[in-house]
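The block underneath contains the structure these notes are about, expressed in structure tokens.
In what follows, chains are A, B, ... by sequence order, proteins preceding strands, each numbered from 1.
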Amino acid sequence: MSAHDSLLARTWHHSRFSDLDALVARKRRQGVKISLAFPTLNEEATIGKEILVIRTELMERRPLVDEIAVIDSGSKDGTRRIAERYGARVLESRSILPKRGFHKGKGENLWKSLYALEGDLIVWVDADIENISPKFVYGLVGPLLEDPKIGYVKAFYERPIRSDAGLQASGGGRVTEILVRPLFSLFYPELARFVQPLSGEYAGRRELLECLPFSVGYGVELGHLVDIHHRFGIGAMAQVDLDLRIHRNQSVEALGRMAFGILETFLDRARRYGDVEALRELERAHVALRTDGERHRVERSELPPIERQPMIELPEYRAKFGRSEPGTPTVS
Amino acid sequence: MKSMQVLKTFFSKTFASLKRGFKRPFGKARPPADGLLADAVRIAELPSPVEREEPRVQYVVERLKRAGIECRIDQDGNAVAVFPAPGSLDPRPVLVHACIGTRRWHPLRSLSRLGASKARGAGLADALPAAVLLGLAEAAAAGVFASTRNLVVAFMAGSSETTGAGAYARLLEYLGAKPEAAVGLRGTGLAAVSAGLLGAARFSVSISAGSASKKDRGASTRSSAVSLAAELIGRLEGVRWDATGATSCRVVKVEAGSGFGRPPIDAEVEIELESADQGMLDLAVEVVRATSSKTGEASGAAVKVAEASRLPVPDARLSTPLAALVRASMKELRIRATESIFADPSGFLSSRGIPATSLGVSEAAEGFEQDELEIATLGAGYKLAELVLGKLLAASPSGAGS
């Protein structure tokens, strides 16, 4: 194993943490609360089952999770109604920290959930998963409960492509393989050991998460990894195999915009940590080409790289959670 | 006659137990409908049919284990849990059972979707009985039932269409004691009570017109698999089986396959026979076999007839008192009973002298691509099953004279 392979020693299969009684016992001994949040925007098709399964198995049958919340970006469908029906606390992102404004984006919802949730351990799970099961949560909290040195756990899985014929075994994770892994390989080879660096399921300790800036848009996951790597070290991170994640796949056009946002965040972090130097100001819009008959036209998507400051820097957050002025963060 | 008297005594005592009620009626151990729904959607996602329904049985075993309930797997892969009644001298248990498999699983469509009031998913209705049975097992373990006799809970490793007489016979051998009464759980037809019970036989007729279609590719050719299937259906649907109409034949499914630019060369027709008379049912089976085999003889098509399942005509004398108990329970719960005549898998048990009936646990509609469940009805279905089971368990053993 090379020096960069440290993460592989903290790579496990979810079954290692499947003894829920043992996890609950650890949780009680440590006196921690665990919160789960789903960031949502128009996910009525899947959010109901996600909440029902996790609530039934991990709150009612085994008290592993203490609260389940949906942080919604203004869904126009039945997402909020269905989430309430199945027992989640439903919060509109714009109503959390209203004086701090509102930006539409998943990262915004995750950032605000830190203020709204009570837990010491925070779990975030995307709301578009069709094959949700309890392992999506216990697989992520297990390492946090087992090892106090671990502060952040990321999920990985097979991501089949859906088609009319059914599922094709692989094909998901295109932005990871084409963009992120090559970038990590060049700049942060330790992070290249993440199987799914962009996965939308992860969990962390509050005292770590509150120290991180949050990209509001597509780059939130990548930003986390680079920030944690620099501030806490690769040793604070782990990853868990959750086998399979079935969800709707995105078009290449959508992935293109996503890749642009991710690249923006990457360059921002690389500059911030002195790993690259910008020789000129970069463009802020993604350019796609569309054809109208024989002519091509440009489709620009403005994707401003909005960042939220670390939550610990907000006086209202410190007051709510009894935190002192931000110093050097540690993971205890 | 003596055994009929014993049955009458048993059920009259069961009715008397209406007054005694439950030890802890609808107490803490009663699972809310959401818990049942959670189990149902998770079971529905698991592949089926597979050998011994292992993934689904494993789910059930794990659930029971986490609820502190030991269960055993018998030779057919069925998961069986026994709840002894303290002090009971009568070895004859009450059996409650549900099939855990389905023929309608799909890797994507069985990932159910939940709305505020409805749930949808392929094969979801077939997962509901096992979910309700898990709830009943938990209730039994929590002491909800004031039991005077043992309870056996059996998750049958097959679908309702494919779990046949042999599986139930082997289950009874495994139990070693003939149940006093048996209740099967169905995924649909919450309010349906049998006004008469039927036996049934289901066939799959495979037609291959491959060699014939090579000679004549016209769309209207008599030798295409579709036209042969239509010919078979036409022959069977026109048959008047008996003067009273107690025997019927219907086509359950027709599928035909086609390649690009070619007429369909393969077809499959599923046929179901039902009858209230065992002799008539047996005769109808032979007629269907013969008619199917002859179809396509003239055009040289290959026809294979396979019997998928056979359900004997139940003994109405045994089933009637139990059906009356079900009606009374529905009345108590203000469920408006719908009298129906249908083929009931409880016939496998009543043909062995065991009073048996089945209960629908929801109002769900089975669809070709997906089932649709009114979620609120699942809670009502559970209450009905719990009430009926509670009454059966609370009835005193028949004692001397049985």
Side-chain angles (χ1 to χ4, degrees), chain A residues 15 18-24 43-62 64 77-88 90 127-136 138 160-169 243-249, chain B residues 28-47 55-56 58-59 61-69 105-122 124 127 131 134-135 137-139 141-142 369-370 372-376 378-379:
Chain A
S15 56
S18 60
D19 185 343
L20 294 178
D21 289 331
L23 281 188
V24 170
E43 299 289 3
E44 66 174 2
T46 43
I47 190 61
K49 187 168 77 170
E50 293 204 39
I51 295 166
L52 174 70
V53 168
I54 300 302
R55 195 194 96 221
T56 302
E57 289 292 339
L58 300 182
M59 286 184 83
E60 293 169 4
R61 291 176 182 163
R62 288 292 186 279
L64 185 65
D77 65 2
T79 297
R80 290 195 297 277
R81 177 172 48 90
I82 291 171
E84 266 176 11
R85 153 66 182 89
Y86 288 102
V90 178
D128 65 342
I129 300 173
E130 298 192 40
N131 64 322
I132 192 69
S133 71
K135 66 185 175 191
F136 278 79
Y138 72 67
I161 291 276
R162 293 180 69 129
S163 70
D164 290 340
L167 295 175
Q168 295 170 33
D243 292 330
L244 184 70
R245 184 191 199 274
I246 300 174
H247 63 290
R248 61 175 187 277
N249 297 108
Chain B
K28 289 179 189 175
R30 182 172 66 88
D34 276 5
L36 304 173
L37 183 60
D39 280 324
V41 298
R42 295 198 63 205
I43 291 170
E45 290 178 7
L46 299 170
R56 293 184 174 211
Q58 191 56 35
Y59 178 90
V61 168
E62 286 293 323
R63 270 282 282 118
L64 291 174
K65 190 176 168 188
R66 286 183 182 172
I69 301 168
W105 179 82
H106 185 275
L108 289 177
R109 293 197 297 268
S110 289
L111 300 174
S112 302
R113 296 191 161 188
L114 306 185
S117 61
K118 294 191 183 191
R120 294 178 180 85
L124 179 60
L134 280 169
E138 285 185 311
E369 294 219 329
Q370 63 177 15
E372 184 173 283
L373 164 69
E374 289 284 347
I375 296 170
L378 184 57

Relative to chain A, which of B/A116, B/S117, B/A119, B/A67 shows the most heavy atom pairs under 4.5 Å? B/A116
Does a side-chain heavy-atom distance below 4.5 Å link B/L124 with B/Q370? no
Bottom line for B/R120: the part with an atom under 4.5 Å from chain A's heavy atoms is neither
Please state whether the side chain, the backbone, both or neither of A/E84 comes within less than 4.5 Å of a heavy atom of chain B. neither
Between B/D39 and A/R61, is there a side-chain N and carboxylate O pair less than 4.0 Å apart? yes
Hey, does A/E57 have a side-chain heavy atom less than 4.5 Å from the side chain of B/R42? yes
Please classify the contact between A/I47 and chain B as side chain, backbone, both or neither, with a heavy-atom cut-off of under 4.5 Å. neither
From the list B/L134, B/I43, B/I69, side chain to side chain contact (heavy atoms under 4.5 Å, CB included) with B/R63 holds only for B/L134
